[in-house]
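Take a look at the structure set out below.
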Amino acid sequence: MDHFFTSTDRVRKYWEPIPGVDLDAVAYVTRSGALPDGTPFFLDEAMRPAEPLSSFFRSEAKTLEASSLRDYTYDLLDVLDFLAGLETPADLLSATEDDLVALRDDRTQHQEAPVSPATWRRRRVAINNFYTWAVETNVLEERPYHRRNSGRDVLAWGSVSQLDVRHLTFDQWRCFKDVGLRGLLPDGAADPAFLGKDPLRNSSASELAITTGMRLREFRSLLDIEVGPPRRDGSAQLVDLETIAKYQLPRTVEIQDATLREIDLYRRTERASAVRRAAKTLARRRADFFVVDDIDVRRMKLRGTLHGRRRTFTVKLMDAPLRRITMLEGDHGLEPMALFVGRHGQMLGRQRWDQVFDAAQARCTAVIAAHGLPLEMPRTIRIHDLRHTFAIFMLELLTQIVLEQAAKELHEGGRTQAYLGEHLSRNAFLRVQQLLGHRRPESTMRYLRYIRRTNLLVAQAIKTWNDQDTTFADYAAREARKVAA
């Protein structure tokens with residue numbers, strides 16, 4: 001059985017008319033009700049749709065993103081591969097409870113490289129979704145295994161570690177940013193041996209992540225007009241996130257003046273150079289892009305041409321794939337509207353950002369060893385660790401502020417400190433949940449155990465990031481006032 005993923009871009013690029021077949025393929029795959037991009041489909045040896053997976057994923061494509069569809073596809077293909085190799089071969093429709101328990105044990109314990117609890121949890125979701133669909137559509141009378149009302153079943157195994165919350169101390173962060181990403185020496189001097197590219201882009205993007213808690217998928221998809229230049233009064237810039245946020249949960253991110261100025265330096269240097277170099281190349285691919293000719297900054301709307309049609313989009317409702325192909329008609333050709341761009345003038349993918357972080361980590365380790373610095377770096381630094389760092393220290397700072405407010409109000413009004421302090425602390429916790437865009441409180445709860453009184457990143461950053469010693473503190477204080485309101 002072969003599998004493929006739908007792609008309207010590939011149809012536009014590779015479709016050739018078939019003699020005797022009256023079909024406008026591009027119009028067909030873009031018609032109302034067509035399969036969304038990224039929907040998997042399966043073909044048997046006769047090149048006919050293979051069931052039941054084709055029908056199942058057509059149903060799943062109504063609610064899942066392309067990345068989730070891809071993950072679930074490979075999860076279920078792995079299940080099929082295991083079932084086919086049993087002493088009595090089976091498939092998804094004929095599998096028994098014992099077969100699926102054997103799958104669980106093999107993948108989590110016996111195979112050469114057992115999967116992690118998080119990976120198995122996702123695979124279990126894919127299996128459960130398939131059997132729920134099969135029962136609801138009468139493909140099966142019942143699922144092959146018992147499931148309790150609580151959702152617990154025989155496929156459950158392990159738990160996602162609550163300790164997988166890695167964050168950086170202030171010293172680790174400064175080393176990673178200045179030495180690893182920017183290519184400086186420990187004394188702040190330029191390192192002539194540094195061969196990295198785009199240090200300003202990499203450091204400003206990381207600064208944005210650690211001071212806002214934005215996910216990789218969020219900050220790498222930003223358009224330049226969303227962030228904008230630093231304000232004359234030094235105030236923060238508010239950015240509305242919605243479609244590019246996880247689960248599309250809307251929230252507003254506040255970008256501080258120091259970070260805006262760092263991004264603006266990148267914008268006027270590395271980004272401007274990359275845009276000029278890529279303009280002519282991008283112009284030759286005009287038909288592939290959403291070419292914008294009208295920008296409404298006040299309402300944050302873009303109007304232009306996409307695949308021969310006039311379209312208007314609200315920026316916060318644009319998904320990542322659309323943002324990736326959004327271009328502006330410039331003086332020298334097409335210019336990307338993305339904020340963080342690569343050498344070809346387009347957004348960087350996740351793999352490229354991972355490479356940037358891996359290279360920075362390796363450089364930090366080498367420089368620390370060469371200069372005998374008394375600093376211990378984590379074995380690996382993930383992009384998501386910056387979000388963890390923001391969460392932990394923001395939670396601590398907010399909690400400290402609201403508890404100080406509680407003590408003051410107790411002194412002035414005589415109210416019970418325990419009740420008020422506990423109430424405000426919980427609200428601070430919920431405020432951080434809003435800042436991070438967490439759907440469930442337990443996602444934020446993981447950070448509570450990491451609150452500590454040493455290496456306060458936020459407090460020290462107030463003194464280091466810029467000369468306005470109250471910038472980030474004011475931010476936390478404003479959030480605390482929202483909590484108390």
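Predicted, not measured: the structure shown is a model, and the values here were computed from it.
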Q) Does any N or O in the side chain of E60 come within less than 3.5 Å of the main-chain N or O of F130, such that one atom is a donor and the other an acceptor? A) no
request  = Give a yes or no on whether the ring-centroid distance for F357 and F176 is below 6.0 angstrom.
outcome  = yes
Does the T119 side chain pair with the main chain of V115, one donor and one acceptor, at a distance under 3.5 Å? no
Check: Below 4.5 Å, heavy atoms only, C-beta onward: do L306 and I325 meet side chain to side chain?
Finding: yes
ask   = Given side chains that start at C-beta, do those of M337 and L302 come closer than 4.5 Å, heavy atoms only?
value = yes
**Q.** Side-chain donor/acceptor of T39 to backbone N/O of L35, under 3.5 Å
**A.** no
Between the CZ atom in R182 and the CG atom in N202, the distance rounded to the nearest 0.5 Å is 11.0 Å
Tightest non-hydrogen contact, residues R231 and D257, listed as O-OD1, 4.3 Å
Heavy-atom nearest pair, R299 first then D296, reads NE-OD2, 2.8 Å
Worksheet item: Are D191 and R363 close enough for a salt bridge, meaning some N to O gap below 4.0 Å?
Response: yes
Rounding to 0.5 Å, atoms CZ (R267) and CD (E262) come to a distance of 12.0 Å
All heavy atoms of L282 vs all of M327, minimum pair found to be CD1-SD, 3.9 Å
- Query: Counting only heavy atoms not in R343, do more than 12 sit closer than 6.0 Å to its CZ atom?
  - Reply: no
message: ring pair (Phe, Tyr, Trp, His ring centres under 6.0 Å), that's the test. Do F42 and F4 meet it? Break it down for me.
response: CA-CA 7 Å; F42 305 81; F4 306 89; 9.2 Å; no
Distance col, row D264:CG vs R261:CZ, nearest 0.5 angstrom, shows 10.0 Å
- Query: Under a 4.5 Å cut-off applied to non-hydrogen side-chain atoms, are I263 and L339 in contact?
  - Reply: yes
- Query: Do L223 and M347 have side chains that get closer than 4.5 Å, going by heavy atoms?
  - Reply: yes
Derivation and outcome, ring pair (Phe, Tyr, Trp, His ring centres under 6.0 Å), residues F57 and Y72: CA-CA 9 Å; F57 277 105; Y72 288 176; 7.6 Å; no
Are D288 and R285 ion-paired here, with the side-chain N under 4.0 Å from a carboxylate O? yes
Review point. Around atom CE of M1, are there more than 12 heavy atoms of other residues, nucleotides or ligands at under 6.0 Å?
Key: yes
Checklist entry - Would you call E65 and R70 a salt bridge, taking side-chain N to carboxylate O under 4.0 Å as the test? => result no
Check your understanding: More than 12 non-hydrogen atoms from neighbouring residues, nucleotides or ligands closer than 6.0 Å to CZ on R310, yes or no?
Key -> yes
Does D187, at its CG atom, have more than 12 non-hydrogen atoms belonging to other residues, nucleotides or ligands within less than 6.0 Å?
yes
Checklist entry - Is there a donor-acceptor contact under 3.5 Å linking the side chains of T169 and D171? => result no
Using the side-chain hydrogen bond (donor to acceptor under 3.5 Å, both in side chains) rule, take H307 and R12 through it: C-alpha gap first, then chi angles, then the decisive distance, then the call.
CA-CA 9 Å; H307 305 315; R12 288 190 180 93; 3.1 Å; yes
Here the pair of heavy atoms bringing A126 nearest to F56 is O-CZ, 4.4 Å
Pair D240, T252: side-chain N/O donor-acceptor within cut-off below 3.5 Å = yes
- Using atom types as modelled and distance alone, determine if a side-chain donor or acceptor of S55 lies under 3.5 Å from a backbone N or O of P52. no
Side chains of K177 and I210: does their closest heavy-atom pair fall under 4.5 Å? no
| field | Minimum side-chain heavy-atom gap R311-R303 below 4.5 Å | value | no
- Message: Can you see whether S203 engages S206 through a side-chain donor-acceptor pair at a distance of less than 3.5 angstrom?
- Response: no
Whether R201 engages the ring of W353 as a cation-pi pair (distance to the six-membered ring centre under 6.0 angstrom, angle to the ring normal within 45°) should be assessed.
yes
| Cation-pi, Y14 ring and R10 (6.0 angstrom, 45 degrees) | no
**Expected output: side-chain T281 to main-chain H344 donor-acceptor under 3.5 Å** = no
Near R379 CZ, under 6.0 Å, is it more than 12 heavy atoms from other residues, nucleotides or ligands?
no
Note: W120 and I127 closest approach over all heavy atoms is CH2-CD1, 4.5 Å
**V227 side chain near I255 side chain, heavy-atom distance below 4.5 Å** = yes
Result for side-chain contact (heavy atoms from CB on, under 4.5 Å) between M300 and one of V315, V239, L317, T314 points to V315
Between the CG atom in N129 and the CG atom in L76, the distance rounded to the nearest 0.5 Å is 9.0 Å
- Walk me through it: do D37 and T6 pass the test side-chain hydrogen bond (donor to acceptor under 3.5 Å, both in side chains)? CA-CA 5 Å; D37 270 7; T6 58; 4.6 Å; no
task = Flag the pair C175 / Q172 as yes when at least one side-chain heavy-atom distance between them is below 4.5 Å, and no otherwise.
result = no
When rounded to the nearest 0.5 Å, the distance separating CG of L185 from NE2 of H371 is 5.0 Å
Verdict with supporting geometry, V253 and L238, side chain to side chain contact (heavy atoms under 4.5 Å, CB included) = CA-CA 6 Å; V253 171; L238 302 181; over 6 Å; no
Side chain to side chain contact (heavy atoms under 4.5 Å, CB included) evaluation trace for T259 with Q237: CA-CA 10 Å; T259 305; Q237 172 75 39; over 6 Å; no
Pair F290 + F313: ring centers closer than 6.0 Å: yes
Heavy-atom closest pair (G228 atom, L260 atom, distance to 0.1 Å) is O-CD2, 4.1 Å
| task | In sequence, state the C-alpha distance, the side-chain angles, and the governing distance for L208 and M214, and then conclude on side chain to side chain contact (heavy atoms under 4.5 Å, CB included). | result | CA-CA 8 Å; L208 178 63; M214 294 176 73; 4.1 Å; yes
Residues pairing under side-chain hydrogen bond (donor to acceptor under 3.5 Å, both in side chains) where one sits in residues 269-278, two or more places apart or in two chains, turn out to be S273-R277
The reported gap from CZ in R324 to OG1 in T326 (rounded to nearest 0.5 angstrom) is 10.0 Å
**Prompt:** Can you tell me if T243 uses its side chain to pair, donor with acceptor, with the backbone of D319 under 3.5 Å?
**Reply:** no
Report task. Take Q346 and V341, measure what side chain to side chain contact (heavy atoms under 4.5 Å, CB included) needs, and give me the verdict at the end. Result -> CA-CA 5 Å; Q346 292 186 268; V341 298; over 6 Å; no
